[in-house]
Amino acid sequence: MSQRSALMGPALRMGGLVLALVLLVVVGVATGGERFWSTGNLITVLSLAAVTGVVSIGMTFVITSGGIDLSVGAVVGLASVWASTLATQYAAQDYGWWVIVVTALAVGLVAGLVNGALVAYGKVPAFIATLAMLAAARGLAEIIAGRRTQVIRDVEPFFDVFQSRPLGVPTIVWIFVVVAAAGWFLLNRTTFGRRTVAVGGNPEASRLAGIKIKRHTLYLYGIAGLTAGIGAVILLARTTAGSSTHGTLLELDAIAAVVVGGTLLAGGRGTITGTVLGVLIFSTLTNVFVLNNLDSSVQAIAKGAIIVVAVLLQQWFAAREKVTST
Amino acid sequence: MVDADPQPTESPAPQRAERTAQQPFLEMRGIVKEFPGARALDGVDLEVRPGEVHCLLGQNGAGKSTLIKTLAGAHQPTSGEILIDGEPVTISDPVAALRLGIATIYQELDVVDGLTVAENIYLGHELASGGVTRRAEAARNTRKLLERLGHTEITPHREVGSLSAAGKQIVSLARALSRDARVVIMDEPSAVLDSEEVGNLHRIVRELTADGVAVVYISHRLEEIRQLGDRITVLKDGRTVAESLVVADTPTDDLIKLMTGRAVEYAFPDRPGVAEDAAPVLEVEDLALGGVFSDVSLTVRAGEIVGLAGLVGSGRSEILETIYGARRATSGTVRVGGKRLRGGVDAAVAAGIGLCPEERKSQGLLLDEPVYRNITLSTFARTARAGLLDEKAERAAAREQVEALDLRPASVERHARTLSGGNQQKALLARWLVHGCRVLLLDEPTRGVDVGARAEIYTLIRRLADDGAAVIVVSSEIPEVLGLADRVLVISDGKAVHEGPAGEIDEHAVLDLVMEGSVA
């Protein structure tokens with residue numbers, strides 16, 4: 001019986017998320033009709049979900065391990081302006097469009113590794129270390145950008161690559177799909193994923209089993225930073241400009257999607273599928289509200305309600321599992 | 001169960017210590033406390049009179065902690081009755097205990113470091129008018145309480161975190177007095193104090209009892225009990241084996257006799273004897289950890305089980321953790337198979353050392369992960385190819401161990417949380433068997449394991465040794481160490497005070513070494 005509930009638990013939780021998404025779609029079709037249920041609109045929903053989606057995948061790893069990364073939004077901003085500085089643009093004109101991409105990824109990765117080093121080796125609480133990074137990265141981005149939006153000009157190949165639509169779907173949506181698939185594989189099929197779950201479930205037991213938990217923690221924040229870098233590339237492609245305000249409050253959207261998806265904030269259980277569903281739920285919600293010309297403040301309230309209901313349901317499931325398994 | 005005598009005048013025996021009053025303040029009659037799968041208390045009787053120091057004596061696992069928690073309202077007895085002033089009472093929660101005048105001072109002092117002395121003392125019963133605390137009054141009362149305890153150097157507004165262990169103990173005591181406690185239960189209060197502080201504590205205890213407050217005093221130091229105690233109640237295996245002995249009339253030898261011997265004799269596997277030419281696998285030389293233990297040297301040969309016996313806090317667990325690299329040694333060396341070990345836990349694991357930690361749940365297991373992932377926690381990276389997990393191989397390895405160790409239920413998919421203590425222990429042993437350990441460090445391998453499963457664990461440990469492992473076992477239960485090990489080291493206050501074949505020393509002698517060896 002307990003074995004069944006152990007298997008049924010995740011399936012039930014996923015079922016709940018799918019049901020919530022279907023409900024939103026039904027509401028969307030009922031209120032928006034063709035305007036909602038059209039290939040164009042659905043692709044818009046996915047395009048707008050791509051940045052949050054990619055960043056949420058990295059966030060899933062950090063939260064599964066029992067940590068948190070508040071800096072991802074600010075790092076997206078920093079990576080976007082660094083990649084769009086004139087210097088980078090000239091280099092891209094000389095050497096190729098990939099210079100912009102490499103710069104954004106490198107900035108994200110380094111910021112993530114700094115977070116990881118502070119948390120793992122400096123023993124700074126993750127909340128504080130990444131809060132400091134949030135402030136510092138945003139400030140550095142403002143200095144680099146001079147508080148101006150930096151439009152990318154004369155690097156046409158960059159847009160040729162990232163604004164294309166292979167198989168009718170925008171490249172940035174493909175990036176989200178690929179990152180999500182890679183994240184799922186990494187979390188569920190590799191030793192890296194197993195260590196992540198183990199460290200989140202019981203860091204002391206993991207350490208005493210011989211897992212190098214400090215090094216692993218460093219890598220985890222590196223991944224979160226790297227996905228922020230990827231998010232910056234997507235934003236650059238979508239908006240054709242870098243800005244120090246890119247990614248503002250993105251960390252909260254990412255955390256919300258991860259938690260609503262069923263990853264435990266306390267660590268020890270993580271689900272990429274749940275995170276993707278969480279991202280889609282919020283992005284569909286936004287779309288339905290926009291199509292119906294509803295106030296964005298009301299939308300924010302609905303978002304808050306979804307988060308609370310999802311967490312209450314999680315706790316209810318967890319309590320039930322504990323009862324049936326003892 | 002024994003009924004309490006309704007006539008209070010009949011209960012006290014005439015020849016007891018003179019400074020105790022006639023009518024008992026607190027009585028426990030036939031207290032039984034059952035936990036799932038274990039009976040922690042199995043008929044405890046206790047009688048405490050106003051103004052006496054009543055010592056509670058018993059080995060680890062005798063039921064002292066459970067008894068204290070029952071009195072403090074943290075546990076409800078399964079049966080039996082508790083009387084205060086001859087009236088039956090129910091202590092439903094800690095607040096009820098305090099209301100009845102029972103205050104408990106736990107060994108791990110429950111003060112809040114970030115609050116001031118006065119705030120700690122009035123925690124939970126703040127002096128307030130309409131929600132606004134009356135700070136001046138609290139400070140004034142605190143000063144009075146501290147004066148009564150003879151510690152005017154502690155000021156009411158000082159942050160408790162800045163106090164020493166002895167100071168925190170004073171704050172706990174003041175809190176008990178602020179609640180008008182009529183009996184104060186102290187769990188090994190002298191364990192954290194140096195000798196001067198102990199003297200001070202004894203003076204306070206005497207003053208409290210002179211005011212008519214009763215003190216239930218738990219200590220392993222027989223010398224201390226002799227100095228301070230009026231009467232002694234001895235517990236063994238959850239039962240009262242001697243009630244209210246007068247300290248002055250009871251020889252130490254009798255007390256040790258009462259504490260030793262087991263109601264349930266465990267079957268220990270035979271010792272085949274270690275071959276003379278067996279190679280030393282683990283060599284520890286002059287290992288020390290600052291302030292905890294020093295000069296620990298020991299050699300364990302293939303096929304040998306070495307037991308470490310000692311009280312809680314003697315440094316035995318820390319010795320294991322330092323060998324394992326989980327704590328950084330201040331000095332000394334550890335060699336495995338002649339090769340010096342450098343680095344932390346991962347180096348130890350790579351060299352073939354495995355540790356089954358004392359706290360299985362918090363230090364050993366991933367409770368919400370399946371059994372097989374717990375078993376392969378230190379080997380999944382080895383079975384993986386290019387970072388890709390091979391869960392099929394993991395399940396197969398785990399299944400093999402589950403069968404070999406007769407782990408029940410025989411499913412590798414169940415979550416570790418759902419297993420009994422004995423089977424959780426088997427899962428941890430299985431982890432190191434899959435790993436192929438040459439050295440096994442077992443800290444309290446049978447804690448929380450029911451009687452039936454214990455024999456199984458013992459047999460298993462012996463089999464591991466027979467297969468060539470070098471094993472160190474730490475246990476609070478002296479008979480377990482003596483019955484299981486080939487050789488035993490007695491640890492007292494961070495030093496090895498005796499080393500010899502386990503068959504040549506008995507429980508009595510070991511207790512004598514660890515208890516008398518640590519007089520304050």
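Letters A, B, ... mirror the listed sequences (proteins, then strands); counts begin at 1. No hydrogens, no waters, no symmetry mates; every other heavy atom, side chains included, goes into these values.
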S.K.: Count the heavy atoms of every other residue, nucleotide or ligand shown that sit under 6.0 Å from CZ of A:Phe127, and state whether that count exceeds 12.
M.R.: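 At most 12 heavy atoms, drawn from other residues, nucleotides or ligands, come within 6.0 Å of this atom.
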
S.K.: Among all residues two or more places apart in sequence or in another chain, which pass the side chain to side chain donor-acceptor pair (under 3.5 Å) test with B:Arg360?
M.R.: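 Side chain to side chain donor-acceptor pair (under 3.5 Å) list for B:Arg360, sorted by chain: B:Gln425.
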
S.K.: Which one wins on heavy-atom pair count under 4.5 Å against chain A: B:Glu359, B:Lys361, B:Glu394?
M.R.: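 Ranked by heavy-atom pairs under 4.5 Å with chain A, first place is B:Glu394.
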
S.K.: Please classify the contact of B:Ser420 with chain A as side chain, backbone, both or neither, using a heavy-atom distance under 4.5 Å.
M.R.: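 For B:Ser420, there is no contact with chain A at all, as no heavy atom is under 4.5 Å.
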
S.K.: Side chain from CB out, backbone as N, CA, C, O: work out which of these in A:Leu208 comes under 4.5 Å of a heavy atom of chain B, or both, or neither.
M.R.: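 When you check distances to chain B, atoms from both the backbone and side chain of A:Leu208 fall under 4.5 Å.
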
S.K.: Can you name the closest pair of heavy atoms from A:Ala209 and B:Arg431 and give their distance?
M.R.: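 Reported closest heavy-atom pair: CB-NH1, 3.9 Å.
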
S.K.: Which members of residues 345-356 of chain B, sorted by number, sit under 4.5 angstrom from chain A on a heavy-atom basis?
M.R.: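 Answer by number: B:Val345, B:Asp346, B:Val349, B:Leu355.
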
S.K.: Counting only heavy atoms not in B:Lys33, do more than 12 sit closer than 6.0 Å to its NZ atom?
M.R.: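 Yes, NZ of B:Lys33 has more than 12 neighbouring heavy atoms, counting only those of other groups under 6.0 Å.
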
S.K.: Among A:Arg189, A:Glu204, A:Arg195, single out the residue with the greatest number of heavy-atom pairs under 4.5 Å to chain B.
M.R.: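 Among the listed options, the one with the most contacts to chain B is A:Arg189.
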
S.K.: So if I take each residue of residues 377-386 of chain B and look for any heavy atom under 4.5 Å from a heavy atom in chain A, which residues do I end up with?
M.R.: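 The residues closer than 4.5 Å to chain A, in numerical order, are B:Leu377, B:Ser378, B:Phe380, B:Ala381, B:Ala384.
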
S.K.: Distance from B:Gln363 atom CD to A:Arg207 atom CZ, nearest 0.5 Å?
M.R.: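 These two atoms lie 9.0 Å from each other.
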
S.K.: Taking all atoms of both residues into account, what is the closest heavy-atom pair of B:Leu366 and A:Ser206, and its distance?
M.R.: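 Heavy atoms only, the tightest pair is CD2-OG, 4.3 Å.
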
S.K.: Just by distance, do the side chain of A:Asn202 and the backbone of B:Leu365 share a donor-acceptor pair under 3.5 Å?
M.R.: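 Present.
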
S.K.: For chain A, which residues from residues 316-325 of chain B lie under 4.5 Å away (heavy-atom distances)?
M.R.: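 Residues B:Tyr324 are the ones that qualify, each having a heavy atom under 4.5 Å from chain A.
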
S.K.: Would you indicate whether the side-chain heavy atoms of B:Leu389 and A:Arg194 approach each other to under 4.5 Å?
M.R.: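 Result yes, sub-4.5 Å side-chain heavy-atom pair found.
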
